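Bear in mind the structure is a predicted one, so any value in this text is a computation, not a measurement. Letters go in sequence order (proteins before strands), and every chain restarts at 1.
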Amino acid sequence: MKIASFNINGVKARLPRLLEWLEETQPDVACLQEIKSSDETFPAHEFEKVGYTPIWHGQKGFNGVAILSKGDEPATEVLRGLPGDDEDTHSRYLEADYKGVRVVCIYLPNGNPLPGPKFDYKLKWMERLRIRMAQLRAEEIPTVVIGDYNVIPEDKDVWSVKAMASDALMQPESRDAYFRLLGDGWTDALDLHHPRGGIWTFWDYQAGAWQRDHGFRIDHALLSPELADRLVASGVDKFARGREKASDHAPIWIELTD
DNA sequence: ATGACAACTCATAGTTGA
């Protein structure tokens, strides 16, 4: 089973690129972030035409997540919205079951600028995520929490530590919160298979970042022990970032034994 | 220190993102 994640940066603006990538790489499950679409305008039928059943949690203008699943046994929604704050109206969290695997699609807050309310929101969101992930661990369901974490875990995960030093993505508080998740027993799949670092999932549109390979790794797949035992490979579909009208993120994927 | 790109919106300027 192959599970992928793609911060699509606008599902409607990017639809041809997204359908093309689905047909080429054929993931069983594709988690999307930043669909930037309300529930009403989400192009569900376009995915059904190419063999995927979508569920989605939209929001007008920005944010928004979706889970596409292939075949005649589509994913069933378990939870929509991260628990722990009734005031939080952002669409950043969607959880579903697919063929015995719990798939959690997240779009973690960016947190810039800092200091300020956006950074505070990011850190609080990460605390809430840790609580939910601890519940999932306790249930011992084979689980993957996959998506745009907006955290550069280590210095090896960024093209220039100096250029990004003051960014919310690599503040000590952001990194500490990320490593607390790993400490709770979750496996960072891409780090496991690419331990020397130097693999990026995001390249800025600005300043020729793609052409200069100035990127960093902020999209992650964290696996519970039950699923880590089934992990055979993981990677980045870097080719997608080089295309016309590309998202600023490249897709990531994990391959599991059935 | 600043801006550079891009998508989106009660659009033609402002918000958000990373």
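Straight-line distance from the CD atom of A/E34 to the P atom of B/dT15: 18 Å, rounded to whole Å. The distance from atom OH of A/Y149 to atom P of B/dG17 is 19 Å, rounded to the nearest whole Å. Going from atom CZ of A/F202 over to atom C1' of B/dA6 covers 10 Å, rounded to whole Å. Atom-to-atom, CD of A/E244 to P of B/dA7 comes out at 12 Å; the value is rounded to the nearest Å. The CD1-P distance, from A/I8 to B/dC8, rounds to 11 Å in whole Å. The separation between A/R212 atom CZ and B/dC5 atom P is 11 Å, rounded to whole Å. Distance, A/I35 CD1 to B/dG17 P: 15 Å, rounded to whole Å. In this structure, CG of A/N9 is placed 10 Å from P of B/dA6, rounded to the nearest angstrom.
Minimum atom distance to the side chain of A/F62 is reached by B/dT16, of the listed B/dT16, B/dA6, B/dA18. The side chain of A/A13 lies closest to B/dC8 when the candidates are B/dA18, B/dA4, B/dC8. The side chain of A/K118 approaches B/dG17 more closely than any other nucleotide in the set B/dA18, B/dA7, B/dG17. With B/dA4, B/dA7, B/dG17 as the choices, the nucleotide that has an atom nearest any side-chain atom of A/K36 turns out to be B/dA7. Of the candidates B/dA4, B/dA7, B/dA18, the closest approach to any side-chain atom of A/N112 belongs to B/dA18.
Among the heavy atoms of the strands lying under 4.0 Å from A/N150 are primed sugar atoms or P, OP1, OP2 only; no base atom is included. Residue-level contact check: A/R92 touches the backbone only, with heavy atoms under 4.0 Å from sugar-phosphate atoms and none from bases. Using a 4.0 Å heavy-atom distance criterion, A/D219 is classed as making no nucleic acid contact.
Taking the P atom of each, B/dC10 and B/dA6 are spaced 23 Å apart, rounded to whole Å. Rounded to whole Å, the separation between the P atoms of B/dA13 and B/dA1 comes to 31 Å. Between B/dT16 and B/dA11, the distance separating the two C1' atoms is 15 Å to the nearest Å. A gap of 15 Å separates the C1' atoms of B/dA7 and B/dT12, to the nearest Å.
Judged by Watson-Crick or G-U wobble contacts below 3.5 Å, the nucleotide B/dA4 has no partner. Under the Watson-Crick and G-U wobble criteria, each requiring two contacts below 3.5 Å, nucleotide B/dT12 is left unpaired.
Under the 3.5 Å distance criterion, with hydrogens and angles disregarded, a donor-acceptor pair is assigned to the side chains of A/S234 and A/H193. Looking only at atom types and distance, the side chain of A/D28 has no donor-acceptor partner in the side chain of A/Y52 under 3.5 Å away. A/R212 and A/H214 share no side-chain donor-acceptor pair at under 3.5 Å.
Ring planes of A/Y178 and A/H220: tilted class, angle from 30 to 60°.
More than 12 heavy atoms of other residues, nucleotides or ligands sit less than 6.0 Å from atom NZ of A/K2.
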Protein and nucleotides 10-13 of chain B: nitrogen or oxygen contacts under 3.5 angstrom:
from   : atom 1 : to    : atom 2 : distance (Å)
B/dC10 : OP2    : A/K60 : NZ     : 3.3

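Considering only side-chain N and O atoms, A/N7 lies under 4.0 angstrom from the phosphate OP1 or OP2 of B/dA18. Applying the 4.0 Å criterion to OP1 and OP2 of B/dA18, one finds that A/Y107 has a side-chain N or O inside that range.
Two residues, A/H249 and A/Y205, neighbour DNA chain B, and the one matched to the more 5' nucleotide by heavy-atom proximity is A/Y205. The 5' end of DNA chain B is approached more closely, in terms of each residue's nearest nucleotide, by A/G208 than by the other of A/G208 and A/D204.
Note that CD of A/E226 is 7.0 Å distant from OG1 of A/T143, once rounded to the nearest 0.5 Å.
Put simply, the residue from A/I146, A/I252, A/V144 that forms a side-chain contact (heavy atoms from CB on, under 4.5 Å) with A/C31 is A/I146. Partner A/F216 forms a side-chain contact (heavy atoms from CB on, under 4.5 Å) with one of A/V151, A/D167, A/L169 and no other, that one being A/L169.
For the pair A/D148 (side chain) and A/Y107 (backbone), a donor-acceptor distance under 3.5 Å is absent.
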